[in-house]
Protein chains: 2
Amino acid sequence: MKKTILVFGLIVLALLLLFKISKHTYLSGDFSIEIIIAFIALVFFFIGLFISKKQPKHTSGTKEVNHKKIKELNLSKREYQVLCEIAMGLSNKEIADKLFVSESTVKTHVSNILIKLNAKRRTQAIQISKELQILPF
Amino acid sequence: MKKTILVFGLIVLALLLLFKISKHTYLSGDFSIEIIIAFIALVFFFIGLFISKKQPKHTSGTKEVNHKKIKELNLSKREYQVLCEIAMGLSNKEIADKLFVSESTVKTHVSNILIKLNAKRRTQAIQISKELQILPF
DNA sequence: ATTTATCTCATACTAAAGTACCAAAATTCT
DNA sequence: AGAATTTTGGTACTTTAGTATGAGATAAAT
């Protein structure tokens, strides 16, 4: 927090200085007004870049889900649910209990998921899903 | 891609227009130079913000790794390597080939990893590792 | 130099995961 | 209503994952 205040203070100071300098430079006629404006624009452009780089943290734990990709992969609603539970580290049995279906059902879902994601294992399915930003975490 | 080009084209056009307007406005003496400069600065500041917001997705292909947690968990160097390969979706055999060891060795490493991470399965180990921000991706 | 921790590998076993194939309900679409 | 899709679940089988135990080899610390 202290650091942030300090940085902002310095930035404000630097800007005020910049204004003074630019005005003085213009009045003294060393440069044309276009160049000064371009310079100012450039400086503020990079300040904008810097500021937003400083707070790259995501809004929260929930990421954006790429629903388009899910449809492209022909993942059904149920299959997607199972995929999410896989990514949470649950076993087939645990998923079956959570979704109130038999383990056989979960297995068929998993097989279909692996085919659609072109994965050999559930761990690879997790990796691919993260790559495609399909998972909500 | 087309979209990006279009947006950039529009931005360049807008900026050229802005320059013309600002110069004309200044010459006509409607506003002082300070206000014009401030306006330009503001516009470019937000352009900077906008640009860097547009590509925040792949800025961090590599995340920060919590080395402290790794030591707290008593994960050895080799175990950590295996853990990373697990998270990449590799099978025990594939990990063994990649690290030039036998599958047995990988299995013992995996077992130790599961104990240390307090996980029942490798998928859960992945989930926990992500939670603890141990993985470099 | 001797303990300590890590890395290695083996065997034998159990458990879970995954495949292949089939088929009956339940939904959704037309 | 009829067709297509999804969901469900079963059997039988193969493969991979994981446990338990032991033990030799290596490297690092005291």
Side-chain angles (χ1 to χ4, degrees), chain A residues 65-132 134-135, chain B residues 65-132 134-135:
Chain A
V65 177
N66 195 338
H67 296 282
K68 207 190 296 175
K69 275 269 164 53
I70 295 175
K71 282 185 181 173
E72 278 178 23
L73 295 166
N74 284 311
L75 279 175
S76 74
K77 196 190 294 182
R78 207 59 164 167
E79 286 164 354
Y80 178 67
Q81 287 177 7
V82 172
L83 176 59
C84 291
E85 302 301 338
I86 288 174
M88 289 299 292
L90 300 192
S91 70
N92 289 339
K93 187 76 191 67
E94 287 171 340
I95 297 173
D97 291 345
K98 193 166 182 177
L99 301 183
F100 302 105
V101 294
S102 79
E103 191 181 346
S104 299
T105 304
V106 176
K107 281 190 176 184
T108 56
H109 283 319
V110 172
S111 280
N112 292 329
I113 292 170
L114 295 183
I115 292 171
K116 293 180 180 179
L117 286 182
N118 196 28
K120 292 173 189 165
R121 287 163 290 283
R122 52 172 48 209
T123 51
Q124 200 179 357
I126 295 174
Q127 206 275 326
I128 293 172
S129 300
K130 271 186 284 181
E131 204 88 356
L132 300 177
I134 279 176
L135 299 175
Chain B
V65 178
N66 196 337
H67 296 283
K68 205 189 299 175
K69 276 268 165 54
I70 296 174
K71 282 185 181 173
E72 278 178 24
L73 295 166
N74 283 312
L75 278 175
S76 74
K77 197 193 291 182
R78 207 58 163 167
E79 285 164 356
Y80 178 67
Q81 285 178 8
V82 172
L83 176 60
C84 290
E85 302 302 339
I86 288 175
M88 288 300 291
L90 301 191
S91 70
N92 289 338
K93 187 76 190 66
E94 288 171 338
I95 297 173
D97 291 346
K98 193 165 183 179
L99 300 183
F100 302 107
V101 294
S102 79
E103 192 181 346
S104 299
T105 304
V106 176
K107 280 190 179 184
T108 56
H109 283 319
V110 172
S111 279
N112 292 329
I113 291 170
L114 295 183
I115 292 172
K116 293 181 181 179
L117 286 182
N118 196 28
K120 291 173 190 165
R121 285 162 291 282
R122 51 169 52 209
T123 51
Q124 199 180 358
I126 295 174
Q127 207 274 326
I128 292 172
S129 300
K130 271 186 284 180
E131 204 89 355
L132 300 177
I134 279 178
L135 299 174

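Side-chain atoms are counted along with the backbone in the values below, which use heavy atoms only and exclude waters and symmetry mates. Here is the naming used below: chain letters follow the sequence lines, and residue numbers restart at 1 for every chain.
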Enquirer: What integer distance in Å separates B:Arg78:CZ from D:dA27:C1'?
Expert: 14 Å
Enquirer: Just the rounded figure in Å: distance from P of D:dT5 to CG of A:Leu75.
Expert: 16 Å
Enquirer: Scan nucleotides 17-24 of chain D against the protein and return all N/O pairs shorter than 3.5 Å with their distances rounded to 0.1 Å.
Expert:
| from | atom 1 | to | atom 2 | distance (Å) |
| --- | --- | --- | --- | --- |
| D:dA17 | OP2 | B:Asn92 | N | 3.1 |
| D:dG18 | OP1 | B:Arg122 | N | 2.7 |
| D:dG18 | OP2 | B:Arg122 | NE | 2.8 |
| D:dG18 | OP2 | B:Arg122 | NH2 | 3.4 |
| D:dG18 | N7 | B:Lys107 | NZ | 3.4 |
| D:dG18 | O6 | B:Lys107 | NZ | 2.7 |
| D:dT19 | OP2 | B:Ser111 | OG | 2.9 |

Enquirer: Could you pull out the closest heavy-atom pair between B:Val65 and B:Ile134, with the gap in Å?
Expert: CG1-O, 3.1 Å
Enquirer: Base, sugar-phosphate alone, or nothing: which one does B:Thr105 contact when heavy atoms must sit under 4.0 Å apart?
Expert: base
Enquirer: If you measure only the distance, is there a donor-acceptor pair under 3.5 Å linking the side chains of B:Thr105 and B:Ser102?
Expert: yes
Enquirer: Need to verify one output field. Residue with the more 5' nearest nucleotide on DNA chain D, A:Phe100 or A:Lys116?
Expert: A:Lys116
Enquirer: Within the structure provided, determine whether B:Arg121 and A:Glu94 are in side-chain contact (heavy-atom separation under 4.5 Å).
Expert: yes
Enquirer: Do A:Asn74 and A:Glu79 pass the side chain to side chain contact (heavy atoms under 4.5 Å, CB included) test, and can you show the C-alpha distance, the side-chain angles, and the key distance before you say yes or no?
Expert: CA-CA 10 Å; A:Asn74 284 311; A:Glu79 286 164 354; over 6 Å; no
Enquirer: Using the C1' atoms of the five pairs at each end, what is the angle between the end axes of the helix from C:dA1-D:dT30 to C:dT30-D:dA1, to 10°?
Expert: 70°
Enquirer: Between A:Glu131 and A:Gln127, does any side-chain donor sit less than 3.5 Å from a side-chain acceptor?
Expert: yes
Enquirer: Calculate the interatomic distance between A:Ile95 atom CD1 and C:dG18 atom C1'; express it in whole Å.
Expert: 13 Å
Enquirer: Which heavy atom in A:Asn92 sits nearest to a heavy atom in A:Lys107, and how many Å separate them?
Expert: ND2-CG, 4.0 Å
Enquirer: Apply side chain to side chain contact (heavy atoms under 4.5 Å, CB included) to B:Val82 and B:Leu99, showing your working.
Expert: CA-CA 9 Å; B:Val82 172; B:Leu99 300 183; 3.9 Å; yes
Enquirer: Looking only at heavy atoms, what is the nearest atom pair of B:Ala125 and B:Ser129, with distance?
Expert: O-OG, 2.7 Å
Enquirer: Below the 4.0 Å mark, does D:dT7 have OP1 or OP2 next to a side-chain nitrogen or oxygen of A:Ser76?
Expert: yes
Enquirer: Return the value, rounded to whole Å, for the distance between atom CD of A:Glu79 and atom P of D:dT8.
Expert: 10 Å
Enquirer: Looking at the side chain of B:Ser104, which of C:dA10, C:dT8, D:dG10 is the nearest nucleotide?
Expert: C:dA10
Enquirer: B:His109 has an atom NE2; how far is it from atom C1' of C:dC9, in whole Å?
Expert: 10 Å
Enquirer: Report the distance from atom CD of A:Gln124 to atom P of C:dA17, rounded to the nearest whole Å.
Expert: 17 Å
Enquirer: Minimum heavy-atom separation for A:Thr123 and B:Ile126, please, with both atom names.
Expert: CG2-CD1, 3.9 Å
